[in-house]
Structures are given as structure tokens and as C-alpha cells.
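For the numbers below, each heavy atom of this structure counts, side chains included, while hydrogens, waters and symmetry mates do not.
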Amino acid sequence: MKYLFQLLIIFSFSLVGEILRLLIPIPIPASIYGIILLFTALELKWLKVSHIRETSNFLIATMPIMFLPAAVGVLTAWDYVRVHLWQYCLVMFLSTFVVMATAGIVTQWIIRRQDHNHR
């Protein structure tokens, strides 16, 4: 029952993200809205990590399985992918560094803010 309740909490944030995607005319995926809302609720202590820990750990542990359909899709479209392989590699290379830099900057900002709040 605990896992079901935790899943309900996570799905609630996902549902609100879907609603926001319909209401806000910005091309942002609903999952991003949901993640931002969940992060905000955790950061503002409206929701404790312990309320979703077990289910979120399970979802993270099973995440690699969710990428299998995408990998199979790439294999079935290999003839098209092969023609544009250098472009895909370039985009993956650049986007990896953009994501890494963004994650690093945001993480440093959060750490500085927490250090500043504790003083």
C-alpha cells in the first residue's frame, strides 16, 4: 500500500504537468513541468523525500529498460541513421556538454544557496 501511495504522489505531479502543458502555450514537454513541480515541492519542503523514496528508487533502477524501445527503433531505422550518422554524433556530443555544463551550474547554484541559507 505504501508503494501505491508513493506512486500516486509521483503520478499526481505528472498529471499536473500534463494539465500545465495544455494550459501554457510553450512547447515544453509535460514531464518537464512535472519534474519541475516535484523538485519545487521537495525543495520547499512541501513534500519529504521519504514520502516517495522507495518508489522513486525502483523507477530509477528500472529506467534502463525504458530505453529499449528507443534502441530498437534506431535499429529498425538504421538505413536512415547511417546516412546522417555524423550529424547525430555531432548533436549528441554538443548536447552532452550543454547538459553537463547546465547541470554543473545549477548544482553549484543550489549548493551556494544552501550554504548561504545555513549561515
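No continuous path of hydrophobic side-chain contacts links Ile60 to Ile65 [ILVMFWY only; heavy atoms under 4.5 Å]. Taking hydrophobic clusters as Ile, Leu, Val, Met, Phe, Trp and Tyr residues chained together by side-chain heavy-atom distances below 4.5 Å, Met63 does not share a cluster with Val74. By the criterion of side-chain heavy atoms lying less than 4.5 angstrom apart, applied directly or through intervening Ile, Leu, Val, Met, Phe, Trp or Tyr residues, Trp86 is grouped together with Phe97 in one hydrophobic cluster. Cluster annotation: Ile52 and Phe5 are assigned to the same hydrophobic cluster (Ile/Leu/Val/Met/Phe/Trp/Tyr, side-chain heavy-atom contacts under 4.5 Å, transitive). One hydrophobic cluster holds both Leu15 and Leu23 under the rule that ILVMFWY side chains link at heavy-atom gaps under 4.5 Å.
Dense packing is recorded around OH of Tyr88, with more than 12 heavy atoms of other residues, nucleotides or ligands lying under 6.0 Å away.
The minimum heavy-atom distance between Lys48 and Leu42, with the atom names listed, is C-CD2, 3.9 Å. Here the closest heavy-atom approach between residue Ala30 and residue Arg21 is recorded as N-CD, 3.6 Å. Nearest heavy atoms, His51 versus Ile9: O-CD1, 4.0 Å. The shortest heavy-atom contact between Ala103 and Thr107 is O-OG1, 2.7 Å.
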Original post:
Does the pair Lys2 and Glu54 meet the rule for a side-chain contact (heavy atoms from CB on, under 4.5 Å), with working shown?
Top reply: CA-CA 9 Å; Lys2 175 172 77 171; Glu54 290 86 2; 3.5 Å; yes
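By the 30° and 60° cut-offs, the orientation of the rings of Tyr80 relative to His84 is tilted.
Proximity of Leu7 to Tyr3: side-chain heavy atoms (C-beta onward) are nowhere separated by under 4.5 Å. Under the 4.5 Å side-chain criterion, counting only non-hydrogen atoms from C-beta, Glu43 is in contact with Gln114. The side-chain heavy atoms of Phe13 and Ile35, taken from C-beta on, include no pair separated by under 4.5 Å. Contact check for Tyr33 versus Ile28: side-chain heavy atoms found under the 4.5 Å cut-off. Put simply, the side chain of His116 does not reach to within 4.5 Å of the side chain of Arg112, judged on heavy atoms.
Formation of a donor-acceptor pair under 3.5 Å by the Ser95 side chain with backbone atoms of Met92 is found in this model.
Considering CG of Asn57 and CD of Gln6, their distance stands at 9.0 Å, rounded to 0.5 Å. Between Ile26 atom CD1 and Ile32 atom CD1 the span is 13.0 Å, to the nearest 0.5 Å. To the nearest 0.5 angstrom, Ile24 atom CD1 is 11.5 Å from Ile19 atom CD1.
When each of Leu37, Ile36, Leu38 is paired with Thr40, the side chain to side chain contact (heavy atoms under 4.5 Å, CB included) condition holds for Ile36 and for no other.
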